[in-house]
*Asks:* 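Quick one: structure below, then a few questions.
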Amino acid sequence: MTLSRRELLKLAGVAGATTLAPRLALAQKLEKKDVNIAVGGQGLIYYLPLSIANLKGYFKDEGLKVQVVDFAGGSKALQAVVGGSADVVSGAFEHTISLQSKGQFYRTFAQQGRAPMIVLAVSNKTMPDYKSPEDLKGKKIGVTAPGSSTNMMVSFFLAKHGLKPSDVSFIGVGGGAGAITAMHSGQIDAIANLDPVIATLQKEDAIKIIADTRTLAVTKEIFGGNMPSGCLYTSQSFIDANPNTTQALANAIVRADQWIHAATPDDIAKVVPEGYLLGDPDLYKRALASNKEALSPDGMVPEDGPTTALKALAAFDAKLDASKIDISKVWTNDFVIKANQKYPNG
């Protein structure tokens with residue numbers, strides 16, 4: 001859901017929000033200025049808003065000193081925040097649901113992606129005769145990390161086609177050059193990953209895509225509704241103790257979301273570290289164009305998104321009892337609504 005300028009100004013209550021915003025950036029005293037954000041594969045386009053918020057100084061503008069700690073996959077980043085070595089996670093929305101099923105209450109407060117951006121593909125080297133999902137039985141599927149959103153997407157895909165997660169073997173390959181090497185070497189028969197990894201393998205004609213959630217239309221077809229993806233989430237206790245800090249984080253992510261949607265692939269490629277490009281700037285730019293629709297323009301979680309995510313998880317995780325999940329406690333748009341009020345024009 002994208003808020004119109006009229007709606008934003010009505011919520012803000014002041015016509016001068018645009019000009020006042022920069023001067024008001026530090027108006028609210030921050031309970032915590034030093035914040036560690038855990039992420040699983042920072043160079044992926046899936047996490048681009050986090051990178052842009054950091055690289056363009058949006059966190060700094062809000063008075064924050066953010067340290068981004070990169071892990072091999074989203075499940076590792078989740079473990080960092082649960083274990084106390086990180087304050088906030090930039091990761092998959094559905095992890096908040098999984099955590100609540102274990103009695104741990106975490107909440108999404110700013111969205112980075114409005115579609116999963118995950119692509120499932122088979123190897124042209126080891127599965128040249130692939131015809132149907134049934135052919136995946138007994139195969140090795142590379143995911144960013146076991147338990148990550150890529151793992152969950154594959155499990156849901158398998159369930160939709162009458163297969164169980166135990167019918168395949170999941171192997172963690174990360175979200176960078178290691179994933180590409182795993183496919184080249186034949187270590188895996190299929191891969192669930194994101195761009196620029198997928199774009200690189202496509203260019204090399206190394207894979208055949210069998211499921212693609214880089215567009216809203218295909219995402220809704222696979223999951224039956226809007227499926228929120230990358231987001232900032234943290235424990236409810238952190239939000240309760242640090243509401244101004246949480247707001248500052250949301251402000252920075254919303255600015256990044258807005259900047260990305262206004263920018264060209266050339267603009268973005270000039271800002272990100274060279275390592276993100278995997279040695280091929282033109283390929284990275286094409287991947288940006290392929291994923292732009294899936295990146296949130298305003299940080300808002302769609303109203304049906306949390307329910308869609310819950311249904312997807314419950315479809316393949318037998319241990320998750322959807323009836324015991326209070327979906328209202330895993331997300332809020334309160335912080336991003338205020339962020340859009342503060343920065344109505346990006």
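Note: hydrogens, waters and symmetry copies are ignored here, and every other heavy atom, side chains too, is used. Given the structure is predicted, the values throughout are model-derived calculations rather than measurements.
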*Asks:* Is there a donor-acceptor pair closer than 3.5 Å between any side-chain N or O of D267 and the backbone N or O of T264?
*Replies:* yes
*Asks:* Between K33 and G63 (side chain of the first, backbone of the second, donor and acceptor by atom type, cut-off under 3.5 Å), is there such a pair?
*Replies:* no
*Asks:* Any side-chain to backbone donor/acceptor pair from E94 onto M152? Under 3.5 Å, distance only.
*Replies:* no
*Asks:* Measure from the side-chain N and O atoms of D87 to the backbone N and O of N36, and report whether any donor-acceptor pair falls under 3.5 Å.
*Replies:* yes
*Asks:* For K338, does the NZ atom have more than 12 heavy-atom neighbours from other residues, nucleotides or ligands under 6.0 Å away?
*Replies:* no
*Asks:* Has the side chain of N54 got a donor or acceptor atom that lies under 3.5 Å from a matching backbone atom of S51?
*Replies:* no
*Asks:* Have a look at M300 and tell me which of D257, N333, V254 forms a side chain to side chain contact (heavy atoms under 4.5 Å, CB included) with it.
*Replies:* N333
*Asks:* What's the separation between atom CD1 in I268 and atom CG in L295, rounded to the nearest 0.5 Å?
*Replies:* 8.0 Å
*Asks:* So, taking the atom named OG in S123 and the one named CD1 in I188, what distance separates them when rounded to the nearest 0.5 Å?
*Replies:* 8.0 Å
*Asks:* Evaluate Y276 against Y284 for ring pair (Phe, Tyr, Trp, His ring centres under 6.0 Å), listing each step before the verdict.
*Replies:* CA-CA 8 Å; Y276 285 23; Y284 183 78; 7.1 Å; no
*Asks:* Measure the spacing between OH of Y106 and OG of S237 and express it to the nearest 0.5 Å.
*Replies:* 7.0 Å
*Asks:* Step by step, work out the side-chain hydrogen bond (donor to acceptor under 3.5 Å, both in side chains) result for T245 and E31.
*Replies:* CA-CA 6 Å; T245 298; E31 303 86 1; 3.2 Å; yes
*Asks:* Check each of L313, L310, L320, D321 against S101 using the side chain to side chain contact (heavy atoms under 4.5 Å, CB included) test, and report the only one that passes.
*Replies:* L320
*Asks:* To check you understand the geometry: which heavy-atom pair defines the closest contact between A190 and L136, and what is its length?
*Replies:* CB-CD2, 4.1 Å
*Asks:* With rounding to the nearest 0.5 Å, note down the distance linking CD in Q187 to CD1 in I171.
*Replies:* 5.5 Å
*Asks:* Could you see if Y58 belongs to whatever hydrophobic cluster contains L232? Use Ile, Leu, Val, Met, Phe, Trp, Tyr and a side-chain cutoff under 4.5 Å.
*Replies:* yes
*Asks:* Do the non-hydrogen side-chain atoms of T96 and W331 ever get within less than 4.5 Å of each other?
*Replies:* no
*Asks:* What closest approach, in Å, do S229 and Q111 show between heavy atoms, and which atom pair accounts for it?
*Replies:* N-OE1, 4.3 Å
*Asks:* Determine, using the 4.5 Å side-chain heavy-atom cutoff (strictly less than), whether L78 and V35 are members of one ILVMFWY cluster.
*Replies:* no
*Asks:* Is any side-chain heavy atom of R255 closer than 4.5 Å to one of K56?
*Replies:* no
*Asks:* Rounded to the nearest 0.5 Å, what separates atom CZ in F238 from atom CZ in F109?
*Replies:* 7.0 Å
*Asks:* State whether the number of non-hydrogen atoms from other residues, nucleotides or ligands found under 6.0 Å of K285 atom NZ is greater than 12.
*Replies:* yes
*Asks:* Does any N or O in the side chain of D212 come within less than 3.5 Å of the main-chain N or O of V119, such that one atom is a donor and the other an acceptor?
*Replies:* no
*Asks:* Between R286 and Q202, is there a side-chain heavy-atom distance shorter than 4.5 Å?
*Replies:* no
*Asks:* Do N193 side-chain atoms and G176 backbone N/O form a donor-acceptor pair below 3.5 Å?
*Replies:* no
*Asks:* Would you mind telling me which of N242, L64, T246 makes a side chain to side chain contact (heavy atoms under 4.5 Å, CB included) with L30?
*Replies:* L64
*Asks:* Where is the tightest heavy-atom contact between P116 and F223, given as atom of each residue plus distance?
*Replies:* CG-CE1, 3.9 Å
*Asks:* Any side-chain heavy-atom pair from K329 and F105 closer than 4.5 angstrom?
*Replies:* yes
*Asks:* Keeping the roles fixed (side chain from Y46, backbone from G230), state whether a donor-acceptor pair exists under 3.5 Å.
*Replies:* yes
*Asks:* Determine the minimum heavy-atom distance between G172 and P146, stating which atoms define it.
*Replies:* CA-CD, 3.9 Å
*Asks:* Compare every heavy atom of V39 with every heavy atom of D70, then report the nearest pair and how far apart it is.
*Replies:* OD1-O, 3.2 Å
*Asks:* For a quick test of reading the model, state the closest non-hydrogen atom pair linking Y233 to A92 and the distance between them.
*Replies:* CE2-O, 3.7 Å
*Asks:* Is F59 close to L50 at the side-chain level, that is, under 4.5 Å between some pair of heavy atoms?
*Replies:* yes
*Asks:* So, does D298 use its side chain to make a donor-acceptor pair with the main chain of N340 at under 3.5 Å?
*Replies:* no
*Asks:* Check whether any side-chain heavy atom of D34 sits under 4.5 Å from a side-chain heavy atom of Q67, and report yes or no.
*Replies:* no
*Asks:* With a 4.5 Å cut-off on side-chain heavy atoms, are R114 and P297 touching?
*Replies:* yes
*Asks:* Ignoring hydrogens and angles, tell me if any N or O in the side chain of R214 forms a donor-acceptor pair with the backbone of E293 under 3.5 Å.
*Replies:* no
*Asks:* Kindly indicate whether the side chain of T213, heavy atoms from C-beta on, has any atom under 4.5 Å from the side chain of M227.
*Replies:* no
*Asks:* To the nearest 0.5 Å, how far apart are CD1 in I191 and CD1 in I209?
*Replies:* 11.0 Å
